[in-house]
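Input: a single structure, listed below in structure tokens.
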Amino acid sequence: MKPGPLVRRSRAIPVISRIFPHKFKYQSLGSLKFEKRLLQEQFNIRKIWGLELRASNGLVKDEAELGDRVGGLQGNSDNDEVIGSENGKCSIRKRCRKSGKKGELDNTGKQGGGSYTSDWEEKTGRDRGGDGDEMKRERNGVAQRQGNSDKVEVACSENRKCKSEKKRRKRGGKGEFDNMSKRGGGCNTSDRKEKNGRDTGGDGEKMKKDGNGVVQRDAMVKDDGYTGFKELMDGDEVVDDDEGMEEEVMVEEHIDILEKGSVAQLPPSSPGRSDSYLSDSRFDQCSISPWSLKGIKDAGYEKMTVVQEATLPVILKGKDVLAKAKTGSGKTVAFLLPAIEAIVKSPPIAHDQKHSPILVLILCPTRELASQVAAEASKLLKYHPSIAAQVVIGGIKVAQEQTRMRKNPFQILVATPGRLIDHLQHTAGFASRLTGVQVLILDEADRLLDMGFRKDIEKIISAVPKQRQTLLFSATIPHEVHKICDVALKRDHEFINTVQEGLEETNSQVRQMHIAAPLGNHFSLLYTLLKEHIKDDANYKVLVFCTTAMVTKFVADLLMKLNLNVREIHSRKPQSYRNRISDEFRKSKGLVLVTSDVSARGVDYPDVTLVVQIGVPADRQQYIHRLGRTGRKGKEGQGILLLAPWEVFFLSSIKELPITKAPEPIVDPDTRKQVERALSHIGAKIKATAYGAWLGYYNSNKDVRRDKHRLVMLANEFSRSMGLDNPPAISKKNLRKMGLQNIPGLRSE
Ligand SMILES: Nc1ncnc2c1ncn2[C@@H]1O[C@H](COP(=O)(O)OP(=O)(O)OP(=O)(O)O)[C@@H](O)[C@H]1O
């Protein structure tokens, strides 16, 4: 499907009514949703340029406290919010969060239990060869409804003077556009300078960030009619009774905003600008070295992205930063560039390269992401002949990395946590090299601080100096993470948020749909959706996310047998294979990559046209990050979440996102037959491992595992969907591990 005009055109009512003739029945609901969408678009204006300032909770002095804090802390209930409103005034309002209500529905608990073959291996020892690790994940949706009492959200609209903000900043100057952060540091001629009273005579070029103002849809339809994938993505919203609660929340938000008196007064938006990921500031307006500037220029970057503009000056000043910005918005350069500058400014070191200190340490949750970050660093270091980056990740021989580190001097190390610990424990001199760390960076910080990685991160933090600069970046930072990030960050760190809390943490140019259909239809539906997308867009580039590594393998095999151009990537593949496939997908078009969560975070595949997620994602964050593989750098994209009816509980954890329900596509009988035939050609062993992995994955989901009998029934439904008459047998050991002994319907061996 072509991006851009097609999507816009398809949002027009005539198309909607053609596809969904019953829409007028739901006109009133439709206008409600319309209004919410409009507000969301308008909020974007402030969201992007809004600033969230948070006084930090204070440094946790003893890093061992971390564990207690994760378990014990609860969010506070109030938020102070400064909202741009009419007459250009800012109103400050206490907002009582809905703690304990809707937002807490299904994402509060830790997922435990169950060994399964998913891709969380990087955090659980799979890097080190572990199989079927016990998975423990912390879900976090509660955080979306809980606030910190000390959080002040500043969000003033463009072209309005925000009085409280002005007062707070106590500055003169002409920069009326008041919603950038209060921070100093390097940039010369942007408005921020004026705001910070640091104007050095620049012309104070005014920031222009508009909402995109394109009101796309205004109707909701209850209809099962489906005329094709294109219509599914381009057509209108569909709402049924299940969404009643969602509507209720919309009404609340609607009233909320009306109370602020800001609906009518929000500034008109300019199409195409609200989601612009680029700012108006250029890199050469910042005090960064000419060598870095040359590297940036060669990389093709001229203007800073919004998150780069917001964070660079603060980081250059040496402050600790916790930064949240949408997927694909340039966070990597935002932390790499100032880190390189820190090295440029650091005093020269005696030339004993064997023991020369590591000055910048960057941690990433997956191998692919670590490699990508190291590659981006090398790009920026092109004109820094004496600075180099290296990467250490699982899946590579430790000895090989030791030799590489010994032979080639480097100051920047990018690592996955497990492998870094390996080197700490087994590589001579490595621990002493880490004592030189001046800048510690946690990319995908919320993932690294969650339960799966926590112990490793604690160890690593205790191996680097306390006197350092720490930068935490992610597209999702739940409130639990705010609480525990103090273990890494200094008391006076700044939280820089370029995404407004709750509303649209996803890119608005990505259209999101969910389909609820019985498991037995999923493979035929997937094939139908892919075929139609491929027919629609010759430049298609699709990511299909599956729940576990072995389910990924199974789905990839199936799609290959159906003659689609398919590759697979997951933890059960050797690293060299993963690298090759990842590179191929990065460069290709006309390809479907079936993947587990190894591709969920950070990986920057350009021009992905569609992201399909089959089955319930691990949590809200994972949904957002997976979806974020499309719609990068302001481009358009599409996302489909394919759920079984009993999985729709997950939707309550993403209810703030603009995801709409699509009718179940009609699968033609030929397609169904093709899929059945392809299924019959897949080996029993692959199906058996997929079945075991599926069972393990859902057994780790607190919402599903509650009723073990039902879980087994559902697993057997999955088994039938793979074309098996009888569910495969599972080893007694695995059944015991999952706590599923003696549950009727399971076969053991
Ligand atoms: N200033 C810039 N101008 C143009 N392109 C940029 C700029 N900075 C970064 N990019 C490009 O934007 C793309 C996305 O960047 P990056 O991968 O850092 O996003 P991200 O915010 O880290 O996303 P995610 O949350 O998914 O990890 C990359 O292709 C990168 O090369």
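Residue numbers run from 1 in the order of the sequence given. We count ligands from 1, going down the list as the structure has it; atoms in each ligand are counted the same way.
Atom 21 (O) of ligand 1 has its closest protein heavy atom at K331 NZ, 2.8 Å. Given atom 31 (O) of ligand 1, the protein heavy atom at minimum distance is Y301 OH, 2.5 Å. In terms of protein heavy-atom proximity, atom 27 (O) of ligand 1 is nearest to G602 CA, 3.1 Å. Taking atom 17 (O) of ligand 1 as the reference point, the nearest protein heavy-atom neighbour is R632 NH2, 3.0 Å. Protein heavy atom at the shortest distance from atom 9 (C) of ligand 1 is Q308 NE2, 3.6 Å. Among all non-hydrogen protein atoms, the one lying nearest atom 29 (O) of ligand 1 is D604 OD2, 2.5 Å.
For the atom pair CZ of R580 and CD of E584, the computed distance is 7.5 Å after rounding to the nearest 0.5 Å.
Using a 4.0 Å cut-off between heavy atoms, D443 makes no contact with ligand 1 at all. Under 4.0 angstrom from ligand 1, there are no non-hydrogen atoms of R601. Using a 4.0 Å cut-off between heavy atoms, R629 contacts ligand 1 through its side chain alone, with no backbone atom that close.
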The test is salt bridge (Lys or Arg N to Asp or Glu O under 4.0 Å); show your working for K324 and E505 and say whether it passes.
CA-CA 10 Å; K324 176 175 172 181; E505 287 170 278; 2.9 Å; yes
Evaluate the salt bridge (Lys or Arg N to Asp or Glu O under 4.0 Å) criterion for residues E494 and K317: first the C-alpha distance (whole Å), next the side-chain angles of each, then the deciding distance (0.1 Å), finally the verdict.
CA-CA 12 Å; E494 276 202 39; K317 268 174 54 178; 5.7 Å; no
Taking it one step at a time, do R447 and D450 satisfy side-chain contact (heavy atoms from CB on, under 4.5 Å)?
CA-CA 5 Å; R447 166 59 69 217; D450 87 3; 2.2 Å; yes
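Between Y301 and F283, the angle of the ring planes lies from 30° to 60°, which puts this pair in the tilted group.
The contact set between ligand 1 and K326, taken as ligand atoms under 4.0 Å from a residue heavy atom, comprises 21 (O). Which parts of ligand 1 touch S329 is read off a 4.0 Å heavy-atom cut-off, strictly below it: atoms 19 (O), 20 (P), 21 (O). Remark: ligand 1 atoms within the under-4.0 Å shell around heavy atoms of T305 are 1 (N), 2 (C), 7 (C), 8 (N). When each atom of ligand 1 is checked for a heavy atom of E444 under 4.0 Å away, the hits are 27 (O). Ligand 1 places these atoms under 4.0 Å from at least one heavy atom of T332: 16 (P), 17 (O), 18 (O), 22 (O). Short contacts between ligand 1 and T327, defined as distances under 4.0 Å to a heavy atom of the residue, involve ligand atoms 23 (O), 24 (P), 25 (O), 26 (O). Remark: ligand 1 atoms within the under-4.0 Å shell around heavy atoms of L278 are 3 (N). Close approach to F283 involves these atoms of ligand 1, each under 4.0 Å from a residue heavy atom: 1 (N).
Within the structure, the closest approach of G328 to ligand 1 falls below 4.0 Å when heavy atoms are considered. A heavy-atom separation below 4.0 Å is not found between L369 and ligand 1. Contact analysis leaves F473 out of contact with ligand 1, as no non-hydrogen atom separation drops below 4.0 angstrom.
In summary, R626 and D597 engage in a salt bridge, as defined by a charged side-chain N under 4.0 Å from a carboxylate O. Comment: E309 does not engage K303 in a salt bridge, judged by the lack of any side-chain N to carboxylate O separation of less than 4.0 angstrom. Between R578 and E568, no side-chain nitrogen of the basic residue sits less than 4.0 Å from a carboxylate oxygen of the acidic one, so the salt-bridge criterion is not met.
Between R601 and T476, the closest side-chain pair of non-hydrogen atoms falls below 4.5 Å. Side-chain atoms of F585 and R567, non-hydrogen and from C-beta on, never get closer than 4.5 Å to each other.
In the displayed structure, K345 atom NZ is contacted under 6.0 Å by more than 12 heavy atoms of other residues, nucleotides or ligands.
Considering R632, K635, K541 in turn, K635 is the only one that fulfils the side chain to side chain donor-acceptor pair (under 3.5 Å) rule with D607.
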Which atom pairs, one a donor and one an acceptor, fall under 3.5 Å between side chains of residues 328-337 and the rest of the protein, sequence neighbours left out?
{"unit_1": "S329", "atom_1": "OG", "unit_2": "K326", "atom_2": "O", "d": "2.5"}
{"unit_1": "K331", "atom_1": "NZ", "unit_2": "A325", "atom_2": "O", "d": "2.9"}
{"unit_1": "K331", "atom_1": "NZ", "unit_2": "K326", "atom_2": "O", "d": "2.9"}

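Polar contact with ligand 1: absent for G628 (N/O pair, distance under 3.5 Å). Inclusion of A325 in the set of residues having an N or O under 3.5 Å from an N or O of ligand 1 is not warranted.
Legend: residues meeting salt bridge (Lys or Arg N to Asp or Glu O under 4.0 Å) with R586, ordered by chain and number and at least two apart, are D583.
The nearest non-hydrogen atom to atom 1 (N) of ligand 1, considering only Q372, R586, K303, E302, comes from K303.
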